[in-house]
Amino acid sequence: MDGIIEKINELKREKNAVILAHCYQNAEIDKVADYVGDSLYLSQMAAKTNAEIIVFAGVYFMAQTAKILSPDKKVLLPRLESGCLMADMINLDQLRDFKSKNPGIPTVCYINSTAEVKSECDICCTSSNAIKIVDSLKAPKVLFLPDTYLGKWIESQLNSVEVITYPGYCPTHLRIKAQDVISMRKKYPDAKILTHPECHKSVTEISDYVGSTTGIMKYAHESSAKQFIIATEKGVYDRLKRDLPEKEFIMIKDNIICQNMKWHTLDDIYNALLNEQHEIDVEKSLAKKALGCIDRMLECSNKSNNIPSAAERQVLPDEGSK
Ligand code: 13P
Ligand code: SF4
């Protein structure tokens, strides 16, 4: 394996490339990745990098977001079949129908959505800033899509806003059931149960901590507890087990795996870089419209993070969404 790592690192230097990896990727990808983290962190890094090529070890919408944020860079997705089943649950017609049934209400989309969908939403969010973004709108009602469970979790945390949700969901996270949490609590009474907000409400409401993938990892690093049950995709468990050998991690159940996140291998990354293949492109006028939605999120989320605004990156956001 060392050979391929060396070859990738050499190509990265030669071509001025960075590799961004989501924490659901096969853990071996971290050996070549420059940045590993959740969707928010990776989109911040995509906006910030000076590299000429971004190799995205994640799913399609993540690479598409990176391209929208850095239109002059070459963005490569090592395996093009890496889609997100949830993002594909809503298209432009379905979004328009949802909005027309609920007129005059601000529309927030999860970053797990297509560029077309983002182009007609007011602002997007990730699981780590969702509460802050929805709260920032100061609206009594908000439309949220595609993830109904993330939307309802936000509503439960804010109390002051009605979140009207589109019926999308993540098939991987919905495999986790309340009964799994109850059984694990019985078996490991001292363990903390750490859960992603894409899980069903009956799961999040009986967990000890609910947060993004990076949020879960941060909680495990900082907590004085010694035992943790992980209720999200297995990539998070693999990294925690590797990084914190003094603590014990247990997957809530077997097979909580997002197959689409697992396609990329080191060989695929090497081939993508070598041949500069599987480039993600977003049509210019669409990208401009979707950028407004993403930039409004980054501006709200990053005030203190030194992330350049759209104007500083010399790409102008659209005048606002419909
Ligand atoms: P995070 O933003 O928490 O990394 O989640 C992305 C995702 O797709 C979870 O299923
Ligand atoms: Fe999409 Fe679910 Fe996979 Fe995340 S885990 S990328 S929401 S299908």
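Model, not experiment: these values are computed from the prediction. Along the sequence shown, the residues carry numbers beginning at 1. Both ligands and their constituent atoms are indexed starting at 1 by order of listing.
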* Asked: With a 4.0 Å cut-off on heavy atoms, does Glu198 reach ligand 2?
  -> yes
Please tabulate, for the side chains in residues 197-208, all donor-acceptor contacts under 3.5 angstrom to protein atoms that are two or more places apart in sequence or on a different chain.
residue : atom : partner : partner atom : Å
Glu198  : OE1  : His173  : ND1          : 3.1
Glu198  : OE2  : Tyr110  : OH           : 2.6
His200  : ND1  : Ser202  : N            : 3.0
His200  : ND1  : Ser202  : OG           : 2.9
Thr204  : OG1  : Lys201  : O            : 3.3
Ser207  : OG   : Thr195  : OG1          : 2.7
Ser207  : OG   : Val203  : O            : 2.8
Asp208  : OD1  : Arg185  : NH2          : 3.2
Asp208  : OD2  : Arg185  : NH1          : 3.2
Asp208  : OD2  : Arg185  : NH2          : 3.2
Asp208  : OD2  : Ile193  : N            : 2.7

Should we say atom [atom1] of [X] is surrounded by more than 12 heavy atoms from elsewhere, each under 6.0 Å from it?
X      : atom1 : value
Lys152 : NZ    : yes
Asn275 : CG    : yes
Asn50  : CG    : no

* Does the pair Lys101/Asp97 count as a salt bridge with the N-to-O cut at 4.0 Å? ->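 Result for this pair is yes, salt bridge flagged.
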* Asked: Which pairs, with at least one residue in residues 150-169 and sequence neighbours excluded, count as a ring-ring contact (aromatic ring centres under 6.0 Å, His included)?
  -> Phe98-Tyr166
Which N/O atoms of ligand 1 sit under 3.5 Å from a protein N/O, and at what distances?
residue  : atom   : partner : partner atom : Å
ligand 1 : 2 (O)  : Ser39   : N            : 3.3
ligand 1 : 2 (O)  : Ser39   : OG           : 2.8
ligand 1 : 2 (O)  : Ser127  : OG           : 3.3
ligand 1 : 3 (O)  : Ser127  : OG           : 2.8
ligand 1 : 3 (O)  : His196  : NE2          : 2.9
ligand 1 : 3 (O)  : Thr213  : N            : 2.9
ligand 1 : 3 (O)  : Thr213  : OG1          : 3.3
ligand 1 : 4 (O)  : His22   : NE2          : 2.6
ligand 1 : 4 (O)  : Ser39   : N            : 3.2
ligand 1 : 4 (O)  : Thr213  : OG1          : 2.7
ligand 1 : 5 (O)  : His196  : NE2          : 3.3
ligand 1 : 8 (O)  : Asn112  : ND2          : 3.1
ligand 1 : 10 (O) : Glu198  : OE1          : 2.8
ligand 1 : 10 (O) : Glu198  : OE2          : 3.1

* Please report how many protein N/O/S atoms lie under 2.8 Å from atom 1 (Fe) of ligand 2. => 1
* Asked: Just by distance, do the side chain of Ser70 and the backbone of Lys67 share a donor-acceptor pair under 3.5 Å?
  ->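 Not a single qualifying donor-acceptor pair exists.
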* To do: Check whether any side-chain N or O of Lys15 sits under 3.5 Å from a backbone N or O of Leu274 as a donor-acceptor pair, and report yes or no.
  =>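 A pair under 3.5 Å: yes.
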* Minimum heavy-atom separation for Met62 to His22, with atom names? -> CE-CD2, 3.4 Å
* With Phe144, which of Ile154, Ile105, Val161 fulfils side chain to side chain contact (heavy atoms under 4.5 Å, CB included)? ->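 One option only clears the test, and that one is Ile154.
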